[in-house]
Amino acid sequence: MAPQRRGATKAPGGSGAVERRRPISTKKDRAPREAQRMWLRTAGLGAGLAFSVFLLWSSLGADDGVAEVLAHRGEVLAGRFIEVPCSEDYNSHRRFEGCTPRKCGRGVTDVVITRQEAERIRSIAEKGLSLGGSDGGASILDLHSGALSVGKHFVNLYRYFGDKIRTIFSEEDFRLYRDVRQKVQLTIAEAFGISPSSLHLTKPTFFSRINSTAARTAHDEYWHAHVDKVTYGSFDYTSLLYLSDYLEDFGGGRFVFMEEGANKTVEPRAGRVSFFTSGSENLHRVEKVHWGTRYAITIAFSCNPDHGIADPAFP
Ligand SMILES: O=C(O)CCC(=O)C(=O)O
Ligand SMILES: [Fe+2]
C-alpha cells in the first residue's frame with residue numbers, strides 16, 4: 001500500500017494510467033484517506049498511552065507472577081486459614097511433639113489486633129526509628145536486643161542512650177508489645193491446634209520501616225525470596241503485624257507466598273496479622289515498596305524453649 005501511494009504521487013504527468021490515477025488525489029477523495037490517517041494516528045496514540053499506563057501500573061503496584069490475593073487490603077477478615085503440606089525442614093531440627101509443625105499453613109486475621117492498637121504500636125516504631133534509620137530503604141528496630149539501623153550499620157539503642165532511653169519509650173510501650181505478642185501467640189496456637197504455652201517468643205523480633213529509597217547495603221534488600229526457618233534458624237511459626245495500609249500509606253510492598261504457578265499475596269492493612277509455619281512450605285518475599293512508607297512488626301515463635309526470649313523490656 002505505501003509503495004503504491006508513493007508511485008502515484010511521484011509519477012510525472014503524461015501516461016493515461018497516471019492521468020487516470022491523478023484524480024484520486026483530488027480534495028473530495030482525499031477525505032477518506034485523511035480520516036484513515038487520523039484514525040491510524042489516534043490508534044497509535046491510544047496504544048502508546050495504554051503501554052505507558054501499563055508501565056506505570058507495573059512500576060507502582062503490580063509485580064510479576066502474582067496470581068491470587070489471599071487477603072485484600074479492603075476486607076476485614078475474621079480469620080482465613082489455608083493448610084499446606086509441611087516441608088521436611090523441621091526434620092533437621094530437634095522436634096518438640098505438640099509444637100513442631102505437623103499441620104502447616106498460613107492464616108490472616110483482622111480481628112485480633114484493633115486498628116487503634118496498631119496505631120499505638122506504630123507510634124512506638126516511629127519514635128524509635130526516628131532516632132536512626134538506614135541510608136537505604138529498610139530500617140529495623142529490635143526492642144529486645146536494642147538494635148537500630150543507623151546509616152549503613154546498627155547501633156545498640158540501650159547502650160547508646162543509657163538511662164535516657166526512659167525518656168523515649170515508656171513502660172506502657174512495652175506492655176503494649178507484650179499484649180500484642182500474647183494475642184498473636186494465642187491465635188497461632190488455636191489455628192495450628194497446639195498449646196499456647198508450647199510456643200516461645202524468639203529472636204529477632206523487630207519493627208520494620210520500608211520506603212522506596214534505593215538499597216545501600218545487603219540489609220536493605222528486603223525483597224529477596226526466603227524461608228524464615230533458614231534465615232532465622234529458631235523460627236517455627238512466623239507472624240507479621242502490619243501497621244500501615246497498602247495503597248493508602250505506600251504502594252508495592254505486598255507480601256507474597258511463592259508457589260509454582262500461583263503466588264498468593266497478602267496486602268498489608270493496619271492491624272492485620274499474617275502468620276504461617278516458618279519452613280519452606282511458606283517460601284515468601286516482599287515486593288519492593290514504590291512509594292510511601294510501610295511499617296510492620298515481625299513476631300516469631302520457636303518450639304524450642306532454649307531459643308525462647310523474654311518480652312522486650314527496659315534493660
Ligand atoms: O514484612 C513482611 O511482610 C515480611 C517480612 C519478612 O519476611 C521477615 O521479616 O522475614
Ligand atoms: Fe520472612
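Just so you know, residue 1 is the first one in the sequence shown, and it goes up from there. Keep in mind that the numbers below use all heavy atoms, side chains included, and drop hydrogens, waters and symmetry copies. Ligands are counted one by one from 1 in listed order, and the atoms in each one are counted from 1 as well.
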Can you name the atoms of ligand 1, numbered from 1 with element, that are less than 4.0 Å from a heavy atom of [X]?
X: F255; result: 3 (O), 4 (C)
X: D228; result: 10 (O)
X: F206; result: 9 (O)

Test of proximity, S208 against ligand 1: N or O pairs below 3.5 Å: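 No, since none of the N or O atoms of S208 sits under 3.5 Å from an N or O of ligand 1.
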Angle at the Fe ion (ligand 2) between OD1 of D228 and NE2 of H226, to 10°?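 It is 90°, given to the nearest 10°.
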For [atom], the protein heavy atom that lies nearest, with its residue and separation:
atom: atom 5 (C) of ligand 1; result: L240 CD2, 3.8 Å
atom: atom 8 (C) of ligand 1; result: Y232 OH, 3.5 Å
atom: atom 4 (C) of ligand 1; result: V286 CG2, 3.5 Å
atom: atom 1 (O) of ligand 1; result: R294 NH1, 2.8 Å

Other residues, nucleotides, ligands: >12 heavy atoms within 6.0 Å of Q116 CD: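 Check fails, neighbour count at 12 or below.
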Decide, yes or no, whether a salt bridge links [X] with [Y] under the criterion of side-chain N to carboxylate O below 4.0 Å.
X: R175; Y: E172; result: yes
X: R209; Y: E126; result: no
X: R115; Y: E248; result: no
X: R294; Y: D249; result: no

Just to check, does Y242 reach to within less than 4.0 Å of ligand 1 when the distance is taken from its heavy atoms?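 Yes, Y242 has heavy atoms under 4.0 Å from ligand 1.
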Could you tell me if any non-hydrogen atom of R285 lies under 4.0 Å from any atom of ligand 1?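 Heavy atoms of R285 never come under 4.0 Å of ligand 1.
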Determine which of the N, O or S atoms in H284 is closest to the Fe ion (ligand 2) and give its atom name.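 This residue's closest N, O or S atom turns out to be NE2.
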Does Y237 have its ring centroid less than 6.0 Å away from the ring centroid of F275?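 Not under 6.0 Å, so no.
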Please confirm whether F276 and F235 have ring centers closer than 6.0 angstrom.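 No.
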Just by modelled atom types, is the R254 backbone N or O under 3.5 Å from a matching donor or acceptor in the E267 side chain?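 Checking the backbone N and O of R254 against the side chain of E267, no donor-acceptor pair under 3.5 Å is found.
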